[in-house]
Engineer: 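Have a look at the structure that comes next, please.
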There are 4 protein chains.
Amino acid sequence: MNTVSSKAQAVRPGRPRSQERRLAVLHAAAELALEDAAAPTMDAIATRAGVSRTTLYKWWPSPSAVLLEGLLEHFHESIELDDALPVREALTGQVDALVHLLRDTAAGTLLRGLMAASSSDRTVGEAMLDTWLRPRREHAVHHLHRGIADGSLRAGTDVEIVTDALFAPVYHRLVWGHAPLEDDLAERICDLVWSGIAAP
Amino acid sequence: MNTVSSKAQAVRPGRPRSQERRLAVLHAAAELALEDAAAPTMDAIATRAGVSRTTLYKWWPSPSAVLLEGLLEHFHESIELDDALPVREALTGQVDALVHLLRDTAAGTLLRGLMAASSSDRTVGEAMLDTWLRPRREHAVHHLHRGIADGSLRAGTDVEIVTDALFAPVYHRLVWGHAPLEDDLAERICDLVWSGIAAP
Amino acid sequence: MNTVSSKAQAVRPGRPRSQERRLAVLHAAAELALEDAAAPTMDAIATRAGVSRTTLYKWWPSPSAVLLEGLLEHFHESIELDDALPVREALTGQVDALVHLLRDTAAGTLLRGLMAASSSDRTVGEAMLDTWLRPRREHAVHHLHRGIADGSLRAGTDVEIVTDALFAPVYHRLVWGHAPLEDDLAERICDLVWSGIAAP
Amino acid sequence: MNTVSSKAQAVRPGRPRSQERRLAVLHAAAELALEDAAAPTMDAIATRAGVSRTTLYKWWPSPSAVLLEGLLEHFHESIELDDALPVREALTGQVDALVHLLRDTAAGTLLRGLMAASSSDRTVGEAMLDTWLRPRREHAVHHLHRGIADGSLRAGTDVEIVTDALFAPVYHRLVWGHAPLEDDLAERICDLVWSGIAAP
DNA sequence: GTCTAAACGAGACGGTACGTCGTGTCTTCGG
DNA sequence: CCGAAGACACGACGTACCGTCTCGTTTAGAC
């Protein structure tokens with residue numbers, strides 16, 4: 001076995017990037033976003049993190065980019081697929097986890113800020129789709145297909161719409177705030193959806 | 001009967017507000033928002049409308065406020081209640097109207113911008129709730145209650161959740177852009193929901 | 001005797017100008033100038049005087065004009081010529097009166113403000129020259145000529161320079177503030193000047 | 001002996017201030033003041049100097065501050081003390097230099113503008129006192145004391161008043177404009193004053 | 001132990017938009 | 001015609017944040 005990393009990470013010359021600073025920045029950004037319930041400024045992030053503005057701009061193109069990375073850093077909970085669980089439990093569990101994540105942790109506020117940013121910054125929107133929404137949707141889709149395969153769900157189930165129906169109400173309440181994210185929200189959503197997809 | 005006009009419109013002293021200018025501003029704001037797909041600046045609105053910045057600030061506290069009023073001005077379609085229609089048609093029609101409004105007119109872009117603004121500006125969020133979302137929700141709720149009353153819907157129907165399930169997917173797609181607002185979107189959503197609420 | 005004023009003042013039609021308002025404005029302007037030690041704004045004057053801005057602009061072209069009229073209104077003390085007094089006493093008295101006027105009354109502050117305004121507004125400067133400075137200078141010149149005539153002053157006395165030397169130090173201290181306007185200032189100035197102009 | 005430069009000029013971190021820009025600003029400010037005979041706006045200065053408004057505000061708090069520094073930059077003629085000269089010549093020369101400076105160069109206009117500004121902005125007035133008036137007065141006072149010491153002036157000479165009498169008429173004519181700054185003005189003022197202070 | 005190249009800190013700078021203030025004009029009504 | 005009330009245009013103000021730049025100073029790892 002050779003001494004060069006098999007991961008082929010070319011050992012670049014010069015001073016290596018400081019991981020402490022990177023984390024300090026992500027932490028500071030999240031902190032500020034929570035305090036102000038608004039996208040923090042680059043300057044504020046830099047000051048809070050004890051890092052120079054130059055460094056920030058070197059690694060992130062915009063405040064949203066920092067926030068997005070912070071969000072992923074802190075909430076990358078594995079979302080493991082557990083095919084042993086009945087389909088309904090698996091899906092309800094996923095929606096319930098989302099409700100609590102958005103309500104009880106920083107993720108909710110961060111997501112709202114990022115969704116706002118995505119309306120003006122195309123790249124943010126796409127990054128969020130790729131790293132946040134789509135993985136979760138695919139997860140749900142997987143379970144729905146499993147249900148169809150094992151006969152617990154109707155054959156012609158409209159998988160895309162069902163996925164929307166499961167998750168959209170949660171994000172909807174987060175964004176508009178017309179009703180709270182209640183503890184039984186996931187349960188109520190799934191109750192409704194199930195009548196429409198459960199095999200007769 | 002008194003001599004005072006029954007309309008009782010107190011004649012306010014001073015030069016009356018110019019309606020032409022007001023409309024010019026709302027028009028300009030909407031126009032700019034569509035062109036740039038982003039919230040226009042006060043300065044840009046003023047220039048386009050041929051109005052001074054001072055006047056803008058006199059009547060609206062922020063670009064979002066202008067945009068919101070512009071949105072309502074242009075899309076105040078009556079949303080009349082038509083209790084003659086079967087409940088399902090009424091609701092499907094409402095969702096379908098929303099889909100087309102958001103996809104085919106300026107409303108979609110404007111709404112996205114406003115939703116972004118509402119994440120940092122509390123007042124915008126509340127104004128949107130009061131003038132946009134809640135009236136439409138109450139509308140749906142009315143039809144749902146009508147359905148329960150006439151026996152076409154189950155007695156225990158979870159009205160709030162059903163309303164969310166009907167509308168949320170539409171806004172969700174608008175915001176995230178993970179899938180288009182298709183022509184049959186309303187139909188598919190209602191199909192799914194109906195199985196869960198139709199009286200057996 | 002007829003009822004029409006012999007002064008031939010054409011009785012103009014319509015509502016006559018309100019003298020109460022005029023005085024209220026002059027008063028308010030002076031008051032504000034003193035409080036802020038700066039030229040008041042038209043708006044502030046109007047508010048304080050309980051008068052509308054429209055009225056202000058109808059009668060005065062600028063804040064300085066109001067201030068100037070206020071200054072003249074309040075400080076038009078007669079400056080009578082008293083040829084019975086010895087020349088030196090007359091002049092010393094005039095300088096001393098100026099010192100106290102500028103130091104102990106509103107006039108000092110008002111004058112500073114007006115002098116500032118005159119640097120950008122030509123008309124103010126000329127109005128001040130005509131209504132304030134020149135009358136006082138002519139006064140002094142009169143006494144100097146009297147002194148030359150009665151033999152108490154030298155024949156070749158440079159009247160213009162002497163007048164400057166008498167008054168300039170007072171205004172100079174007012175404007176620059178490098179030294180106070182002391183009680184004996186007039187006396188000291190006159191002492192110095194007298195040695196240069198008294199007949200030997 | 002240490003290796004550190006004896007000049008001990010601490011090398012300050014960060015990008016050093018651009019001297020070209022600083023001078024361009026001062027130049028532009030003076031230029032504009034002369035053209036318009038009025039205090040230029042920050043915006044005009046910035047545009048003319050090819051510098052951003054932000055930079056202006058970073059270094060100067062107000063238009064007046066720029067103007068003052070510009071004035072000092074351009075008219076810092078050495079005003080050296082020449083004790084070899086007879087006292088009278090020294091003083092006459094100083095007054096004469098002032099007359100020509102105010103009449104023939106930009107200094108006159110600039111000074112008028114600054115004196116106007118000083119009436120509303122305390123800091124400007126004090127800066128002008130410290131950097132402009134007092135140095136010149138101390139200069140004159142020095143010569144007067146020299147005259148007293150060498151017996152050419154009377155023992156009890158009122159130095160402060162004499163200094164006022166020498167300079168005030170010049171500034172007075174500049175501000176009020178009731179008479180021009182003639183070529184022989186300095187001579188005439190000194191003639192008058194001298195009779196009052198020359199030793200008998 | 002140097003050497004070197006990149007990371008990093010500090011801060012100047014240009015630029016855009018912000019929201020405010022003061023001026024002066026205009027419009028509508030009432031005395 | 002006087003006057004009040006207030007809409008409006010214009011121009012300057014001072015601030016905030018953005019993103020770029022230009023210095024000087026670390027600092028890990030290669031030689």
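In this text the structure is predicted, and so the values were computed from the model without any measurement. Proteins get letters first, then strands, A, B, ... in listed order; numbering begins at 1 in each.
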Engineer: Under the side chain to side chain contact (heavy atoms under 4.5 Å, CB included) rule, what do A/Val175 and B/Val175 come out as? Steps first, then yes or no, please.
Structural biologist: CA-CA 10 Å; A/Val175 170; B/Val175 170; 5.9 Å; no
Engineer: For the pair made of CZ in B/Arg21 and P in F/dC10, what is the distance, rounded to whole Å?
Structural biologist: 10 Å
Engineer: Please report, rounded to the nearest Å, how far the P atom of F/dC17 is from the CD1 atom of A/Ile45.
Structural biologist: 12 Å
Engineer: Would you indicate whether the side-chain heavy atoms of D/Val25 and D/Glu69 approach each other to under 4.5 Å?
Structural biologist: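 Side chain of D/Glu69 against side chain of D/Val25, heavy atoms only: no contact under 4.5 Å found.
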Engineer: NA contact type, B/Ser18, heavy-atom cut-off 4.0 Å: base, sugar-phosphate, or nothing?
Structural biologist: sugar-phosphate
Engineer: Just jot down the side-chain contact (heavy atoms from CB on, under 4.5 Å) partners of B/Ala39, sequence neighbours excluded, or say none.
Structural biologist: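 Residues passing side-chain contact (heavy atoms from CB on, under 4.5 Å) with B/Ala39: none at all.
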Engineer: With sugar-phosphate meaning primed atoms plus P, OP1 and OP2, does A/Trp59 contact a base, only sugar-phosphate, or nothing at under 4.0 Å between heavy atoms?
Structural biologist: sugar-phosphate
Engineer: Taking the six-membered ring of B/Trp59 as reference, does the cationic atom of B/Arg17 (NZ for Lys, CZ for Arg) lie under 6.0 Å from its centre and within 45° of its axis?
Structural biologist: yes
Engineer: Can you work out whether A/Lys58 or D/Thr55 has the more 5'-proximal nearest nucleotide on DNA chain E?
Structural biologist: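 Looking at the nearest nucleotide for each, A/Lys58 comes out on the 5' side.
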Engineer: In terms of the nearest nucleotide of DNA chain F, which residue is placed more toward the 5' end: B/Arg22 or D/Thr41?
Structural biologist: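 This one resolves to B/Arg22.
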Engineer: Go through the structure and list residues passing salt bridge (charged side-chain N to carboxylate O under 4.0 Å, His left out) with B/Glu20, not counting sequence neighbours.
Structural biologist: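 Listed in chain order: nothing, the list is empty.
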Engineer: Please list all pairs passing the side chain to side chain donor-acceptor pair (under 3.5 Å) test where one or both residues lie in residues 28-45 of chain D, with sequence neighbours left out.
Structural biologist: D/His27-D/Glu31, D/Glu31-D/Arg48, D/Glu35-D/Arg48, D/Asp43-D/Arg53
Engineer: Mind checking which nucleotides bracket the chain A contacts on DNA chain E, 5' to 3', with an atom under 4.0 Å from a heavy atom?
Structural biologist: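 Counting from the 5' end, contacts occupy E/dA5 to E/dA12.
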Engineer: If I take atom CG in residue D/Asp36 and atom P in nucleotide F/dA12, what distance separates them, rounded to the nearest angstrom?
Structural biologist: 11 Å
Engineer: Only counting residues at least two apart or in another chain, list the ones meeting salt bridge (charged side-chain N to carboxylate O under 4.0 Å, His left out) with A/Arg21.
Structural biologist: none
Engineer: Nearest 0.5 Å, what's the CE-CG distance between D/Met128 and D/Leu72?
Structural biologist: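 It comes to 9.0 Å.
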Engineer: Which letter, B, S or -, goes with each nucleotide of nucleotides 20-25 of chain F from 5' to 3', with contact meaning a protein heavy atom under 4.0 Å?
Structural biologist: BBBB--
Engineer: Assuming nearest nucleotide by heavy-atom distance, tell me which of B/Pro40 and C/Asp43 is located more 5' along DNA chain E.
Structural biologist: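 Looking at DNA chain E, the more 5' nearest nucleotide goes with B/Pro40.
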Engineer: Would you mind telling me which residue lines up with the more 5' stretch of DNA chain F, A/Pro63 or C/Gly50, judged by nearest nucleotide?
Structural biologist: C/Gly50
Engineer: Could you grab the distance from atom CG of C/Leu34 to atom OG1 of C/Thr109, nearest 0.5 Å is fine?
Structural biologist: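 That separation rounds to 5.5 Å.
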